[in-house]
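Working notes for the structure below.
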Amino acid sequence: MQAKYKPLHTNECGENTLSSNTELLSPAAASTPRKTGKGGKSDFLASMGNFSIQYNLSSASVAVAIMNSSKYPLPEWARFSLFGLVFAGAVVGMCVLGYLGDHIGRRPAMLTTLSLTLLGTVVSALVPWGGDVDATYAVLSAARFVLGMGVGGKYPLSAVASSETASAGELASQRVGKAFFWQSPGAMFPYVFALILLQVGGEHAADIQARVLMGLGAIPSLILLISAYKYEESDSFEGGNTGARLMVALRSKANVHALVGTACTWFIYDVAFYGTNIFTPDIMTSIFGEETLTAMCWQSVVVQAVGIPGCLLAVRHVRTQGLYSLSLWGNIALACLFSVFGLVYLIWPDNLVWVKFALFCSLMFSLNYGPNVSTYVLPTVCFPAPVRATLHGVSAASAKIGAVVGTYLFQPIVHAWGITGVMVVQALVCALSAVITYYFVDRKAGRVFIDPSSLPLQTFDTNVGEGGRESGGGFGGGESDELGESTHRCLDVDVEVVRGGDGAEIRPLSLGEPAWSGRSL
């Protein structure tokens, strides 16, 4: 039995033939050599990068609330621009800088995105105040767009940096999940700092509070920028004509199938997550009383604190449950919780406050569990290295479009049908995400995975001899008729391929049991 493929790094006529009975494949090692020490650096960059993402997104919202409560009332036009421009910038950054990560390298693209983040943060903190309020918010909106580009670029680049430096026996998907966890503390810390800064008094207290709160976001960005200069380029980076490679990748049904799964589930998740913000103030005010800046900060700390255990548990379950199960059952759980919440609101709109709060805590736990982690990690294990950052960026960009939809879609719904109407729609979109997961997400994604960077750019044909069949495809190989399911992406751990007279068996070394066997390999 002989498997032929054309490696990405060979010339047009290059060919590699697997002919021995047993061969060791190290998909994680395809990204980087085992003993280079890159793992620790990439862990730091990815973890700090994720912390910085959510800190910078959340801090400006708190700062604007502080400004609005003082001598800088928020103009109506700015309510949309401050939110809309940062997400527009994020969509641009995710797509453009993700592409640059594949085209010019992970390291230069990361330096670019960190520079944009630092620039946007510094301008936000130093925006001229004391004059025309409209001019102040106009400058702040422009700075938020630049900040959004930088923050958006961190999504694909941080994820890819973490994924491509997994060590032997380590699941890359779990490694990415661990780095992603730091988004949860990053979202909470602006409110913690605001609680401290709100104790500052004086005539210019609001100016100081808002500037310091936004300016603190420059510290992790500066540390990351310095660290990124010392970061070695990922060995998975191929360079060259990324546009042509992307076109080749998208001619593969397997990659298009995977992209539908990653982009749509992430889009729907952000619709649900940001739609939840519509009724959060109502729930929290009923528990904590009158809405003030201090109360808002405490409420946000409670909300984020409830979500942290959910995110931690999801990261732990990446290895044991897999990304498919996290996404499928996580969305089903969310659909059930939204349905129950809607029913409680319909029957007891003004009573059972603490029951509603308990349901709300369960909802926030579930929103941070399952799809929260799986949507971020899936693109790092579903696409080949030459286009991995690009397609992760496209998936992430769809999520930010979902965030805008979730924020503005539910405004008219809550006015027409109240919180119950919002809950019903939320339940339906989560159920839809579960259906998309079932049909478009690989059941082995993130658990057993053959890194597509080791597979061919155009062909992966296997001859299995008499009685067998040929399986082929683009990035990631082909399918198995016997199994009735895709076998184009299976491994995220070291494996050995043991070939016998009538077939082959892929055996994960760290799991000790066959992940797949058959005659079509």
Side-chain angles (χ1 to χ4, degrees), residues 47-70 72 74 78-79 82-83 85-87 89-90 114 116-127 129 137 140-141 143-148 150-152 154-155 158 180-200 205-224 270 273-274 276-277 280-281 284 288 291-308 311 364 367-368 372 400 403 407:
S47 300
M48 181 71 81
N50 277 292
F51 179 91
S52 175
I53 285 171
Q54 285 302 328
Y55 182 90
N56 283 301
L57 287 176
S58 300
S59 63
S61 299
V62 186
V64 168
I66 293 173
M67 294 166 60
N68 189 43
S69 67
S70 61
Y72 299 99
L74 187 64
R79 293 182 185 276
L82 286 172
F83 173 82
L85 285 175
V86 71
F87 281 102
L114 291 171
L116 289 170
T117 304
L118 185 62
L119 175 62
T121 304
V122 171
V123 173
S124 297
L126 300 180
V127 63
W129 293 359
Y137 281 108
L140 187 58
S141 296
R144 290 280 285 167
F145 178 81
V146 175
L147 176 65
V151 166
K154 288 180 187 177
Y155 268 84
S158 293
F180 174 76
F181 160 76
W182 289 97
Q183 285 202 19
S184 294
M188 184 173 68
F189 265 77
Y191 299 100
V192 174
F193 290 148
L195 286 171
I196 298 172
L197 290 169
L198 286 172
Q199 307 308 310
V200 176
D207 289 7
I208 296 172
Q209 292 161 357
R211 289 181 189 273
V212 171
L213 197 59
M214 289 187 289
L216 286 172
I219 296 176
S221 298
L222 182 59
I223 294 173
L224 284 169
D270 270 30
F273 184 85
Y274 283 89
T276 304
N277 292 334
T280 295
M284 301 306 285
F288 291 98
E291 184 74 25
T292 64
L293 278 175
T294 301
M296 180 200 73
C297 291
W298 275 116
Q299 293 167 15
S300 299
V301 169
V302 170
V303 169
Q304 297 299 329
V306 169
I308 286 177
C311 189
M364 294 308 301
L367 279 169
N368 283 273
N372 182 42
K400 289 304 164 236
T407 298

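All heavy atoms count here, side chains included; hydrogens, waters and symmetry mates do not. Along the sequence shown, residues are numbered consecutively beginning with 1.
With Leu118 as the partner, the side-chain contact (heavy atoms from CB on, under 4.5 Å) test is satisfied by one option alone out of Val123, Leu222, Leu224: Leu222.
The backbone N or O of Met48 sits nowhere less than 3.5 Å from a side-chain atom of Ser52 that would complete a donor-acceptor pair. With hydrogens and angles disregarded, a donor-acceptor distance shorter than 3.5 Å links the side chain of Gln209 to the backbone of Leu197. Using modelled atom types, no side-chain atom of Arg144 and backbone atom of Phe87 make a donor-acceptor pair closer than 3.5 Å. With Tyr55 contributing its side chain and Leu216 its backbone, the two residues share no donor-acceptor pair below 3.5 Å. Not one N or O on the side chain of Asn68 forms a donor-acceptor pair closer than 3.5 Å with the backbone of Val64.
Taking CE from Met188 and CD1 from Ile308, the interatomic distance works out to 4.0 Å, rounded to the nearest 0.5 Å. Distance check: Asn368 CG to Phe181 CZ gives 10.0 Å after rounding to the nearest 0.5 Å. Atom OG of Ser124 sits about 11.5 Å away from atom CG of Leu213, to the nearest 0.5 Å. Asp270 CG to Asn372 CG: the interatomic distance, rounded to the nearest 0.5 Å, is 9.0 Å. Annotation: the span from Ile219 atom CD1 to Thr121 atom OG1 amounts to 10.5 Å, rounded to 0.5 Å.
Nearest approach of Met214 to Ala63, heavy atoms of both residues: CG-CB, 3.6 Å. In terms of heavy-atom proximity, Gly120 sits nearest to Val146 at N-CG1, 4.1 Å. In this structure, Phe145 and Leu85 approach most closely via the heavy-atom pair CD1-O, 3.4 Å. Minimum heavy-atom separation, Ser221 to Asn56: OG-ND2, 4.0 Å. Closest approach of Leu82 to Val86, counting heavy atoms only: O-CG1, 3.6 Å. The nearest pair of heavy atoms linking Leu198 to Cys297 is CD1-SG, 4.2 Å.
Aromatic ring centres of Phe189 and Phe51 lie closer together than 6.0 Å.
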*Would you check, one step at a time, whether the test side-chain contact (heavy atoms from CB on, under 4.5 Å) holds for Asp207 with Tyr72?*
CA-CA 10 Å; Asp207 289 7; Tyr72 299 99; 3.3 Å; yes
_As a quick check of understanding, evaluate side-chain contact (heavy atoms from CB on, under 4.5 Å) for Val301 and Leu195, giving each step before the final call._
CA-CA 10 Å; Val301 169; Leu195 286 171; 4.3 Å; yes
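Side-chain contact check for Leu147 versus Thr117: some heavy-atom pair is nearer than 4.5 Å. For the pair Val302 and Met364, the minimum side-chain heavy-atom distance is 4.5 Å or more.
For Gln183, the side chain to side chain contact (heavy atoms under 4.5 Å, CB included) test picks out Asn50, Ile53, Gln54, Tyr155, Phe180, Tyr376, with sequence neighbours left out.
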